[in-house]
Amino acid sequence: MVAGFSFRLVGLSTYRSILSKNTIRHLQYTQNVFCQRCCFGSTTKALQSAGSFVQTDLNNTSFFTRMLGKLGFQGRMKYGKSKMLLSGANLYECCVLPVDHVYFFKTCNLPDTYNSWFIITELHVWMCMVRLMGDSREGRFTRNALVQMMWKDMDSRSRKIGSMGSDRSMYLQGLHEHFQAALFGYDEGVLGDDKQLAAAVWRHFYEMNCNDARRIEMMVDYVRRNIHYLSNLDSELLLQKGRVTWLPLIENENPRRYTSSNRNN
């Protein structure tokens with residue numbers, strides 16, 4: 001239960017230090033850009049152009065292994081890189097196509113804009129990243145492929161916003177900085193109690209523009225339920241197939257799960 005609104009000031013100075021003035025200006029600009037112009041229809045094309053190898057993160061490996069990595073000896077992973085690249089692309093697809101963004105807009109009282117679409121997608125990508133980090137090198141490789149696919153798709157969609165013009169690169173930079181700040185905030189929140197997670201949701205999902213504690217509590221519950229659900233998924237299903245489903249936004253209100261077979265978006 002979210003008690004009052006004291007969470008508003010939790011970590012606010014940290015949040016402002018991460019987001020630059022240009023980021024805030026461009027995120028405000030996107031409030032006037034309606035997502036119908038570019039949000040739907042470009043993901044499949046972006047997924048078909050899944051790109052090159054993403055260097056794996058070796059920070060948690062031994063010194064000897066890191067030295068071998070610098071010399072070009074990465075060793076064999078449990079699954080082929082091409083399969084995990086495809087899994088990362090599939091996971092991104094599951095973060096976009098099956099999610100009912102319009103339902104999120106209405107239920108969470110978010111403006112019907114491209115920025116709101118990105119915030120919803122960002123949250124689901126982060127939840128997949130949290131799960132993948134529990135699968136060693138293979139999980140980190142797939143995580144990197146997932147994030148790479150997200151930015152390919154963001155670039156593709158942003159080209160469809162004709163009114164942006166030369167500001168497009170600054171706009172993408174703003175999204176990138178927002179994503180980095182959100183990762184920091186959500187990670188801190190999910191490791192803490194509900195009050196800390198509520199603060200992260202208010203800052204990053206609602207962008208400090210929500211006075212309804214019930215809506216914030218709803219999103220805290222949604223994140224907790226899906227993080228727990230994803231943690232119980234089989235690793236082979238994630239790393240070889242890249243398929244996940246999502247629990248409903250409001251528990252028990254709608255029994256259906258969003259699946260990647262739903263192409264309404």
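The first residue of the sequence shown is numbered 1, and numbering continues consecutively from there. In what follows, every heavy atom counts, from backbone to side chain, and hydrogens, waters and symmetry copies are set aside.
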Mind checking what makes side-chain contact (heavy atoms from CB on, under 4.5 Å) contact with [X], not counting sequence neighbours?
| X | answer |
| --- | --- |
| Lys241 | Leu237, Arg243 |
| Glu138 | Met77, Lys78, Tyr79, Met84, Ser136, Leu239 |
| Ile227 | Trp126, Met127, Val130, Val190, Val223 |
| Asp193 | Lys195, Gln196 |

message = Distance check, rounded to the nearest 0.5 Å: Glu93 atom CD versus Leu86 atom CG?
response =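 The CG atom of Leu86 is 9.5 Å from CD of Glu93, to the nearest 0.5 Å.
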remark   = Interatomic distance, CD@Glu251 vs CZ@Arg225, rounded to 0.5 Å, equals 4.5 Å
So, [X] side chain and [Y] main chain: donor-acceptor pair closer than 3.5 Å or not?
| X | Y | result |
| --- | --- | --- |
| Arg215 | Thr107 | yes |
| Ser156 | Lys152 | no |
| Trp202 | Glu207 | no |
| Asn232 | His228 | yes |
| Arg203 | Ala182 | no |

Do [X] and [Y] have side-chain heavy atoms sitting under 4.5 Å apart?
| X | Y | result |
| --- | --- | --- |
| Glu217 | Asp221 | no |
| Val201 | Tyr222 | no |
| Leu249 | Met219 | yes |
| Leu233 | Val244 | yes |
| Ile216 | Cys210 | yes |
| Leu183 | Met129 | yes |
| Ile119 | Leu110 | no |
| Trp246 | Cys95 | yes |

remark   = Contacts of Asp155 meeting salt bridge (charged side-chain N to carboxylate O under 4.0 Å, His left out) (sequence neighbours excluded), chain-then-number -> Arg159, Arg168
ask   = Residues in ring-ring contact (aromatic ring centres under 6.0 Å, His included) with Phe179, at least two apart?
value = Trp151
inquiry  = Tell me every residue that passes side-chain hydrogen bond (donor to acceptor under 3.5 Å, both in side chains) with Arg131, counting only those two or more places apart in sequence or in another chain.
reply    = Asp135, Ser235
Residue list, side-chain hydrogen bond (donor to acceptor under 3.5 Å, both in side chains) with Glu122, at least two apart or on another chain =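 Listed in chain order: His178.
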key: is_close_aromatic(His124, Tyr92), centroid dist under 6.0 Å   =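 No; Tyr92 has its ring centre 6.0 Å or more from that of His124.
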query = Do Thr245 and Tyr229 have a side chain donor and acceptor closer than 3.5 Å?
reply = yes
